[in-house]
Amino acid sequence: MRYSTVCACKWLIKFIAAIIVIVITFCIGLHSETSTDHNATLVATTPTLTPEEELQIYIKNLSSWQGQNDSATVNSHPYQYLIVPTKICKLNGAVSDPFLLIVVKSYVSNIGHREAIRATWGKDLPPSVRLVFILGYLDFMKSYIAIESRRYKDIIQEDFFDVYRNNTVKTIMGFNWAVTNCKESQYTFFVDDDYIVNIPKLLTYIKSHQKKNKGVGLYAGYMWEKAYPKRSHVSKWYVPYEDYPCKFWPKYVGGGSMMISMDVASAMKEAFPFIKPIFIDDVYIGIVAATLGVKVQMEGKFSPDYKPDKIGLLYSTHGVESSSALMHDWEMVKSKIKK
Ligand SMILES: *[C@@H]1O[C@H](CO)[C@@H](O)[C@H](O)[C@H]1NC(C)=O
Ligand SMILES: *[C@@H]1O[C@H](CO)[C@@H](O)[C@H](O)[C@H]1NC(C)=O
Ligand SMILES: *[C@@H]1O[C@H](CO)[C@@H](O)[C@H](O)[C@H]1NC(C)=O
């Protein structure tokens with residue numbers, strides 16, 4: 001009787017010890033799950049794909065458009081030019097195509113921004129560089145834009161509404177125009193109208209790329225990695241799962257400043273009709289680049305933050321608040337730009 005009690009106690013102690021060990025192991029497991037790569041743990045415990053694998057499969061599927069005909073179009077661009085520039089490239093009256101075509105994406109009513117750019121970093125461009133502005137349409141701006149375009153002949157405008165949600169339409173218009181009209185240009189630089197650009201440094205950069213890479217294969221700028229779609233309905237950038245199912249966006253270049261070689265721009269133009277649009281234009285260009293197998297080149301000198309005092313070291317800097325701020329800041333910093 002006494003012996004069996006001792007024995008039962010031993011078994012009980014062993015049993016409790018085992019439970020403690022199991023609980024501790026489980027807790028350590030849980031802890032490492034939260035502190036290490038969540039995705040890796042998910043893969044270990046469930047047979048689902050990692051976000052990276054999911055993205056790869058999605059992109060591979062998107063790439064299957066190649067070799068298809070017009071019946072596979074999922075992104076039509078049924079808009080007409082209202083205004084086109086003159087003497088920018090050979091096809092519209094220039095003697096030659098520029099080495100670098102700068103395409104400034106501008107909101108139609110931002111006349112002041114455009115005037116400020118023409119008076120500051122866009123002024124006295126070297127002969128190898130030309131600049132155009134891309135705009136959508138708003139009725140109340142019609143007469144102003146007519147005057148502006150007659151005066152400067154540097155505006156491209158189609159008949160879609162110039163609203164934020166048509167940003168990708170606007171960017172596609174820029175690609176279409178550049179690729180069709182400036183076939184012998186080597187590079188195109190897409191930049192928003194709230195940037196300051198250091199043209200001489202930008203030229204040094206692409207000339208060096210041209211030497212090393214024969215001027216092809218470039219899609220460069222400030223790269224965003226592991227950025228993800230906003231799934232909250234109240235977000236300005238809300239993207240439903242039907243439009244994009246993956247957890248992450250592919251790597252992409254912040255759309256305010258993208259340097260692209262013309263071969264890449266041309267391949268993208270061919271791909272647009274077959275790749276479902278996302279209204280966030282830089283993300284969309286990133287998706288198209290991924291389907292084409294074009295690698296993103298990270299260049300921190302395209303600064304997403306406003307650092308005008310550092311412009312001597314940068315290719316571009318983002319965040320000019322107004323046209324008067326641009327004029328003012330340019331006066332302060334223009335001497336830092338080495339010709
Ligand atoms: C691939 O794309 C087609 C057409 O866009 C779609 O119907 C199909 O579900 C996709 N497959 C996968 C695995 O995403
Ligand atoms: C386009 O491709 C589809 C399927 O790939 C084919 O059925 C169709 O006949 C083609 N149309 C033309 C005009 O070539
Ligand atoms: C984009 O422009 C087109 C053509 O003007 C218009 O029909 C459409 O409603 C615009 N998109 C948005 C989201 O307003």
Side-chain angles (χ1 to χ4, degrees), residues 62 65 70-85 103-114 132-150 152 154-181 188 190-195 224 227-246 249-250 252-258 260 265 268-289 291:
L62 283 184
W65 69 268
D70 289 349
S71 66
T73 299
V74 290
N75 182 21
S76 61
H77 186 89
Y79 306 111
Q80 305 293 321
Y81 290 117
L82 297 173
I83 296 175
V84 287
V103 178
V104 183
K105 197 173 72 186
S106 183
Y107 181 52
V108 63
S109 64
N110 284 356
I111 290 190
H113 285 63
R114 293 192 291 277
V132 288
F133 293 95
I134 53 173
L135 325 177
Y137 178 79
L138 287 180
D139 201 50
F140 76 95
M141 291 302 297
K142 193 176 168 182
S143 51
Y144 297 97
I145 301 301
I147 294 166
E148 187 187 351
S149 134
R150 221 175 298 138
Y152 298 108
D154 59 0
I155 285 177
I156 305 171
Q157 185 190 44
E158 277 181 346
D159 57 358
F160 59 85
F161 286 129
D162 203 330
V163 290
Y164 184 70
R165 287 249 160 189
N166 269 338
N167 238 336
T168 296
V169 173
K170 189 184 282 180
T171 297
I172 289 176
M173 168 180 81
F175 274 84
N176 288 347
W177 193 89
V179 168
T180 312
N181 287 277
T188 179
F190 277 75
V191 64
D192 284 358
D193 65 3
D194 58 349
Y195 273 72
W224 297 98
Y228 46 85
K230 300 277 186 293
R231 303 302 191 182
S232 157
H233 291 257
V234 293
S235 170
K236 179 183 178 188
W237 294 286
Y238 167 65
V239 174
Y241 284 95
E242 305 91 87
D243 286 0
Y244 185 80
C246 304
W249 298 125
Y252 67 94
V253 162
S257 245
M258 319 188 275
I260 298 175
M268 285 178 171
K269 176 196 175 270
E270 296 307 314
F272 292 147
F274 303 102
I275 298 176
K276 192 168 60 171
I278 301 251
F279 74 93
I280 310 167
D281 63 331
D282 50 5
V283 164
Y284 181 64
I285 297 298
I287 292 172
V288 173
T291 66

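FYI, side chains are in, hydrogens and waters are out, and symmetry mates aren't considered; it's all heavy atoms of this structure. In listed order, ligands and their atoms are each counted from 1.
With sequence neighbours left out, the ring-ring contact (aromatic ring centres under 6.0 Å, His included) criterion links F161 to no other residue. Y244 pairs by the ring-ring contact (aromatic ring centres under 6.0 Å, His included) definition with Y58, W249, not counting sequence neighbours. Not counting sequence neighbours, the partners of Y164 by the side chain to side chain donor-acceptor pair (under 3.5 Å) test are W237.
With hydrogens and angles ignored, the 3.5 Å screen pairs no side-chain donor or acceptor of Y144 with any backbone N or O of V108.
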Original post:
Run the salt bridge (charged side-chain N to carboxylate O under 4.0 Å, His left out) check on D281 and K105 step by step: do they pass?
Top reply: CA-CA 11 Å; D281 63 331; K105 197 173 72 186; 2.6 Å; yes
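Between the side chains of N166 and Y79, not a single donor N or O lies within less than 3.5 Å of an accepting N or O.
If you look at ligand 3, the protein residues with a non-hydrogen atom under 4.0 Å away are Y79, D159, F160, F161, V163, R165, N166.
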